[in-house]
Number of protein chains: 2
Amino acid sequence: MRYSNATNYALHTMVHLMLQPGGSSVGVQELAEMQHLSPTYLSKVLTKLTKAGLIESTPGAKGGYKISRTKHETSFLDVIHAIEGETSLFDCSIHHQGCLIENVMRQAEENMKGELASKLLSDIAKEAESKQK
Amino acid sequence: MRYSNATNYALHTMVHLMLQPGGSSVGVQELAEMQHLSPTYLSKVLTKLTKAGLIESTPGAKGGYKISRTKHETSFLDVIHAIEGETSLFDCSIHHQGCLIENVMRQAEENMKGELASKLLSDIAKEAESKQK
DNA sequence: GATATTAAAGACTCTTAATATCTGTAATGT
DNA sequence: ACATTACAGATATTAAGAGTCTTTAATATC
Ligand code: SF4
Ligand code: SF4
């Protein structure tokens, strides 16, 4: 049980896009090279982010991806949900009412999600910027 | 990304064993029927629990599995570690030093683990017992 | 308008891990 | 000795993740 590589790629891409001056677009070519990936595969990942509204894409010449204007407060959890989906880590198909086991597992997951929701990508971007200087 | 079924089976079995009066042994046959599983498969799962020291097994006639004498404080996390292993949910193979992304992911996972470590199977067993009455 | 550029979508392959079964062996009580 | 039971190994099946290739549609530039 492990987060997929796609989630890793998505996080890196998001941070990179946040560091673009003026929120300009970056093509998948450049993003893929940066992470040593094939552009077509990364493209699939980024399409998920686009559909989730976290980034915006413009096709055609000089197109690419950029941070969504309406989503400058994107959290880690937002990215993870976009890539991994929103199903619970522990999903017993039976669902006995008042299940004690499920309660514990769900609560634990909520604790993790709480942390992930409180951490914004913009914080990481800022830290990364100040490190470079 | 989901907890394996094996973890579910392991948790149910542990609770069931805790409810045995006097900590007596239960055969895999009975444990498997209870959960509608094949005995051989459940056996593999329980062997992991045995190796982790959470339960004790006795082969031969009238044998079976019982809660380990030395482990009456088993937590959810103990079971999960025994079945899923101890690898981190987010393991980037590169490990740049001072990686900001990894920090966040690790902290979030710790929050989940903290909750899972604080919940004991004996609590669940007690609750289940009082419900039956 | 023609052309180059780029994202999106679909079909497909490859790899890995989870799930599960079958068979045989070793240990234990009766 | 015999029945019972956990354990180990080999194997098969399934599902998901990871990745490639090809085609299509949208956009800018000339
Ligand atoms: S008790 Fe909870 S976890 Fe177990 S089978 Fe019922 S719903 Fe699922
Ligand atoms: S920055 Fe962190 S997550 Fe990204 S490649 Fe480096 S170590 Fe891995």
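Proteins come first, then strands; the chains are lettered A, B, ... in the order of their sequence lines, and each starts at number 1. Keep in mind that the numbers below use all heavy atoms, side chains included, and drop hydrogens, waters and symmetry copies.
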Novice: Can you tell me whether the side chain of K44(A) and the base of dG10(C) have a donor-acceptor pair closer than 3.5 Å?
Specialist: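 Answer is yes: a donor-acceptor pair is held.
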Novice: For the residue pair L31(B) and Y9(B), establish whether any side-chain heavy-atom pair is separated by less than 4.5 Å.
Specialist: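 When only atoms from C-beta onward are counted, Y9(B) and L31(B) do not touch, as no gap falls below 4.5 Å.
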Novice: Among the candidates dA9(C), dA7(C), dT19(C), find the nucleotide nearest to the side-chain atoms of V28(A).
Specialist: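 For V28(A), the side-chain atoms sit closest to dA7(C).
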Novice: Using whole Å, what does the distance between atom C1' of nucleotide dA17(C) and atom OH of Y3(B) come to?
Specialist: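 Rounding to the nearest Å, OH of Y3(B) and C1' of dA17(C) are 17 Å apart.
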Novice: Quick check: closest heavy atoms across I80(A) and Y3(A), and the distance to 0.1 Å?
Specialist: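 Heavy-atom minimum between the residues: CG2-CE2, 3.7 Å.
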Novice: Using the closest heavy atom to pick a nucleotide of DNA chain C for each, name whichever of T40(A) or S38(B) lands nearer the 5' end.
Specialist: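 The residue mapped nearer the 5' terminus is T40(A).
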Novice: Counting only heavy atoms from other residues, nucleotides and ligands, does the tally under 6.0 Å from NZ of K119(A) exceed 12?
Specialist: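 Result for NZ/K119(A): open.
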Novice: Rounded to whole angstroms, how far apart are OH on Y9(B) and P on dA18(C)?
Specialist: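 Answer to the nearest Å: 14 Å.
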Novice: What is the distance, to the nearest angstrom, from the CD atom on E33(B) to the C1' atom on dT5(D)?
Specialist: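 After rounding, the reported distance stands at 15 Å.
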Novice: Starting from P on dT20(D), measure out to OH on Y41(A) and report it in whole angstrom.
Specialist: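 In whole Å, dT20(D) P lies 9 Å from Y41(A) OH.
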Novice: Considering all heavy atoms of both residues, which atom of R2(A) and which atom of L89(B) are nearest to each other, and what is their separation?
Specialist: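 Heavy atoms of R2(A) and L89(B) come nearest at CG-O, 3.3 Å.
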Novice: Counting only side-chain N and O atoms of T47(B), is one of them less than 4.0 Å from OP1 or OP2 of dC7(D)?
Specialist: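 Checking dC7(D) against T47(B), a side-chain N or O does come within under 4.0 Å of OP1 or OP2.
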Novice: State, with a plain yes or no, whether a side-chain heavy atom of I55(B) is found less than 4.5 Å away from one of S68(B).
Specialist: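 When only atoms from C-beta onward are counted, S68(B) and I55(B) do not touch, as no gap falls below 4.5 Å.
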Novice: Do F90(A) and V104(A) have side-chain heavy atoms sitting under 4.5 Å apart?
Specialist: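 A side-chain contact under 4.5 Å is absent here.
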Novice: What's the NZ-C1' distance between K66(A) and dT27(D), to the nearest Å?
Specialist: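 In whole Å, dT27(D) C1' lies 12 Å from K66(A) NZ.
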Novice: Nearest heavy atom decides the nucleotide; on that basis, is S4(A) or Q29(B) closer to the 5' end of DNA chain D?
Specialist: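 Here Q29(B) is the residue nearer the 5' end.
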Novice: Heavy-atom distance under 4.5 Å between the side chains of E102(A) and H95(A), does that happen here?
Specialist: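 In short, these two side chains touch, coming nearer than 4.5 Å.
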Novice: By a strict heavy-atom criterion of less than 4.0 Å, which residues belonging to residues 48-64 of chain B are in contact with DNA chain C?
Specialist: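 The answer is P59(B), G60(B), A61(B).
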Novice: Between dC22(C) atom C1' and L42(B) atom CG, what is the distance in whole Å?
Specialist: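 Going from L42(B) (CG) to dC22(C) (C1'), I get 17 Å.
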Novice: Provide, to the nearest angstrom, the distance between the CE atom belonging to M1(A) and the P atom belonging to dG17(D).
Specialist: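 About 13 Å, once rounded to whole Å.
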Novice: Taking atom P of dA8(C) as reference, at what distance in whole Å does atom CG of L46(A) sit?
Specialist: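 Value for this atom pair: 8 Å.
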Novice: Using 0.5 Å steps for rounding, measure from the CD1 atom of I83(B) to the OG atom of S4(B).
Specialist: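 Output value for this atom pair is 7.0 Å.
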Novice: Atom CG of L116(B) and atom CD of Q107(A): how far apart are they, to the nearest 0.5 Å?
Specialist: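 One gets 10.0 Å once the value is rounded to the nearest 0.5 Å.
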Novice: Could you check which residues of residues 75-90 of chain B get a heavy atom under 4.0 Å from DNA chain D? Sort them by number, please.
Specialist: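 Residues of residues 75-90 of chain B that come under 4.0 Å of DNA chain D do not exist, since none gets that close.
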Novice: Using both distances under 3.5 Å as the test, list the Watson-Crick or G-U wobble partner of dC30(D), or none.
Specialist: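 The base-pairing partner of dC30(D), which may sit in any strand shown, is dG1(C).
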